Structures are given as structure tokens and as C-alpha cells.
Amino acid sequence: MKAVTWRGVDEVGVEDVPEPTILNDHDLILEVGLSVTCGSDLHLLGGYIPAMRAGDVLGHEFMGTVAEVGKSVTKHQVGDRVVVVSFTSCGQCWYCTHDLWSLCDNGIPNPGITEALWGQGIGGGYGYSHALGGYAGSHAPYIRVPYADQGAFAIPDGVTDERALFASDAAPTGWTGADQAEVKAGDVVAVWGAGGVGQMAARKAMLMGAERVVVIDRFDNRLEQVRTHIGAETLDYEEVDVSAELREMTGGRGPDVCIEAVGMEAHSPGPQYLYDQVKQQLRLQTDRPTAVREAIYACRKGGTVFTLGVFAGLVDKFPLGAVMNKALTLRGAQQHGHRYIPEILDRMSRDEVRTEHLATHVMPLDDGPKGYRMFKEKEDGCVRAVFRPSG
Amino acid sequence: MTSALGNVASLAARAGGAVVRQVRSALEHGSGAGAPGAPASGWLVVSIYREPAEIDATSLPAPLAAYGDRIETRIRPAPGGKGTELAVRLTQRSSGTASGPARLTGGDPQGDLRSALRKAKQLIEVGEVLAVDPAPHGKRTATPAGAALEAVTKRAPKGGVL
């Protein structure tokens, strides 16, 4: 079958790969309907997560139709239309049973790498390097889904494929940020990054009763999407001083909750951007934490900063003094999607969560390299490039 | 990113051995959370989300049972309702412990037991051991970085800080 693959740094290919097979009794094989590019893929393409091999199939945010089930699968049948969470989690360990699904003890067979990097292993992820298990990704006609009873969710009638697709990763990641940051009624919430995850974090914050939600980015079309489809306020960080604007908006206090949805390749117009770039390219730090720093300085005393963007390792000039002296709560997580997807699908069925606007460019697998180029370079207002394996 | 910096990034990332340097860098931060090391007692231990009564030292899952009397076991409740702590260690152990890099390059005498303990936990909690290979993939290009990553990945089930 044809698949979109990682061929090397900044090199995407389309090539023939074998079809997946059921390897464990709790697996299913999914015929992929739609599979979408994600900002975290760009870290793989840029070589910032150095655990990819040439030929690895990309893609971790997807939906489709069940084509085959293992003998221990009880919740799904051939022909079911499902969306699959991007993390592989067993549903049986202490972490899964306490709704901390991305921390699953049994999600990858090779935890030695992540244990060495972070002190503990975490759950696995599709198409997201050999550090997270080496599972094949979803930019292909078929994909194997382990722990299928836990990770696949039936899509309600009336919810389109294009909407349900984002219940795989963007929406539950945004939900994780707002919920785990414990947004409260009346809060002012600032979100750095107006991509799919940032937009969904803003939407969840609004649903949780935040008084004001403001999303920060520099791309006009994304900020327009935030205003039009999410209903939140926006700041263009190339046009205004974000910290000053946030102070003014909050009576000098700063936002109660600051959610960073940018990750390890943050951009900024200031001199620290050049500093972080040089250090990252020389491998003196693995991640550029520009937006995290700004969030920490902007956050009100006693507030919460949540790192929702993907970070891999070490950062420099981290304002720990501000975290300590301002009594901030600093949290982070990959998505605990199993916990949030039922709610998201229900809200999607009631039009309370809309995501179709994120899929700005839909194309066949053959256009994989073009799709990633458009997504990375934001060509033609690309917010997300979506692949439809059926053409 | 400026084009010049982009070129530097590409060159750096393409250079053979970049993966090895990154992993080694992380592994060799002695004060980091991932610092290698093992307790002097030699116990390897996992927490299993099952009641102690559900784990029988005389009827352990096959990966551990295969060790017979070459290992000793310790079972005790985990505090706070976190299940049961299952610890194993070789009855005859060499002195010293393998470094983090050694664990990912096959130089750790406890590697096989570490892998068996992880499999036993999965068998008790999930009922089967998760497989990944064969995973669909395209053409593998022969590069030093790719070979190094393949070697590390192959050893990773036996490595880590467990």
C-alpha cells in the first residue's frame, strides 16, 4: 500500500509499504478515512526528535472504518466508523485507570529510551518516532490500532468525518490543557498559538466558564479563525506587546491561566529568538521555550501555566525564579484523550465544538510532500493539510 | 528560521551520529531524572495495578518463571492503593551496575531480567505482551544514524532505569 513517510530531515516521501496485520488479540485494523498533519510532526521533520528512521510512516491524528478486529476486541465490529486517539494506552495500569492515559505503563514495548530521557516511560504514539514505540503512522490506507477497545471511539451519526477527525488529537489535547490547568468560571485565560490545539484549548476554556479567552499568534487567517469559529479574542504578537496588552486586559493582574500551545520551535520577534535558535541549532538546548517564558512572566501571581506544546528535552534561560516567587503552578501533559473524547464527540454532535475549518487543504496521499510543505510554510493559508487515502 | 540557520540545522541533523550524541547526552546527565544507577540490593521492581493476593510468587508469568531458582522475588502492597510491588533479582549477581548507555548497547547483565519483569507486568495487567514488529515501513536508508537508532531501539526493552 502507499504511505507518506519520513525520509530524512525536511524530506517527506510517498512509497509502498506492507499492509499492517493484527499482532495482538486486542488490535484492530482500520481503513483510514482521513489523516491530518499536526504541528508536532514538524518537530520530526526538522530533526528535533532524533528517533525517526528513513521509511517510518507519518501521521497520528486520524479516523476511518474498522476493517478487521482481533479476537479480544469487544466494543467494535467491522464496518464501524471510529476516531482513534493518538496515544496507545492499555486501560489496565494505575495511570490509565486514573484517567492519566498518556502516562500508560504498557503503551510501548521499548521504554528504555524514554526512561533514559525523562526518568519514566510514557504511553506510545502512532507515527511518532521509535522513542514512542515505533508504531506505523496513519498517512496510509490502513493502520493497526493496538488496545482498540480503549483507543477507538464510535463516531455519532451526524458528525462528519471532517469534524470527527480532530477528536483524535487536536481537540483532546486542547481539552487536556484547559481541564488540567483547572480553568474556573470567571477566569481570564491566555492561549499561545492559534493552531488546531490552541483553538481547541480556547474553546474548552470557554465551555468551562472562562470570562475572557485570548489567543496569541501572528498569522491573520488563524487569528480570524479564532474570532469566527471559536469566539475568543486575539492578539497579534507582531503588532502589539503581548505582556502589556494582557496586563491592560486583566486590570494589571495577568491571566489566571496561561496555556502554551506552541512547543519546541517557538518563534518571536525579539532578540531571544535568535539566541534560542543558535543554541538549539548547536544542540546546546533541544527546545526553544520562547512562548513558555512569556507565559510565565505574563501569568498572574498564584496562577497556572500549562505547557501543551511538545517539548523533547532541555531548555535554557528558564525563569524558575518567576515560577517560585510568583507561586505559579506549572503543569504539562501529552493528551489524555481517552478521558475527553466521549465528551468531545457528544459536543460535536450538538454543534458546540466545530473543527471543519481547520481542514483548510484536503488532498490524496500522493500529495504528502506538498501537504507538509504547505503546512510548514503556511502556504495559501494552510492551517492543516488533510490526507484522504481513497483519493 | 533564517535560511542560514535552517541550513545549519539540516547539516547538523543529517550528520552521522547525531542521534547517538543526543541520546548519550541525555543519558549522561548524571544529576538528571534519567540518571542511570541501581540500588545496591540488586532488586528490580515494578508496581502492578493488582491486589497482592492476585500475584502468586510460585506461579509467576512465563518470562519470570523461566528463571526458576536463578531469581528471588519480593511481593508487597504498594502504598496509597497503587497495587502491588513486584521485585526480582538474580541470586548470583556480578558486582557493580551498568551505565545508562551500556544498558542501551547491550552491556547490562540484568537487561534480560529487566525485560522479563516488564513482560510479566503486562501479562498480569493486560493479559498479553504488546508487539510492534513487523510494523509497515518504507525503504530503510543505510546511514550511521539509522543503524545506531536501530541498535538502541532493539536494546531498549532491556534498558531504562527500572
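Throughout, protein chains are lettered first and strands after them, A, B, ... in sequence-line order, and every chain is numbered starting at 1. Bear in mind that the values here come from a model prediction, so they are computed numbers and not experimental data.
- A 4.5 Å side-chain heavy-atom check between His139(A) and Leu365(A) finds at least one atom pair inside the cut-off.
- Of the two parts of Thr114(A), neither the backbone nor the side chain holds a non-hydrogen atom closer than 4.5 Å to a non-hydrogen atom of chain B.
- No other option in Gly13(A), Pro111(A), Ala136(A) has as many heavy-atom pairs under 4.5 Å with chain B as Pro111(A).
- A donor-acceptor pair shorter than 3.5 Å cannot be found between the side chains of Gln92(A) and Asn106(A).
- Comparing Val57(A), Thr5(A), Thr97(A), Ile108(A) by heavy-atom pairs within less than 4.5 Å of chain B, the highest count is held by Thr97(A).
- Using a 4.5 Å cut-off between heavy atoms, Val129(B) contacts chain A through its backbone alone, with no side-chain atom that close.
- A ring-centre distance under 6.0 Å is not found for His43(A) and Phe311(A).
- Heavy-atom distances place no part of Asp27(A) under 4.5 Å from chain B, backbone and side chain included.
- Chosen from His137(B), Gln122(B), Arg140(B), Glu150(B), the residue pairing most often with chain A at heavy-atom distances under 4.5 Å is Arg140(B).
- When heavy atoms are compared at a cutoff of 4.5 Å, Pro20(A) approaches chain B by way of both its backbone and its side chain.
- Proximity of the aromatic rings of Tyr126(A) and Phe87(A) is defined here by a centroid distance below 6.0 angstrom, and this criterion is not met.
- Both the backbone and the side chain of His26(A) come within contact range of chain B, each with at least one heavy atom under 4.5 Å from a heavy atom of that chain.
- Annotation for Glu51(B): atom CD does not count as buried by contact number, only 12 or fewer foreign heavy atoms lying within 6.0 Å.
- Judged by the 6.0 Å and 45° rule, Arg53(A) forms no cation-pi pair with Trp6(A).
- A donor-acceptor contact shorter than 3.5 Å is absent between the side chain of Gln92(B) and the backbone of Arg70(B).
- Within the 4.5 angstrom heavy-atom criterion, only backbone atoms of Asp16(A) (N, CA, C, O) approach chain B.
- Heavy atoms of Tyr95(A) lying under 4.5 Å from chain B are absent altogether.
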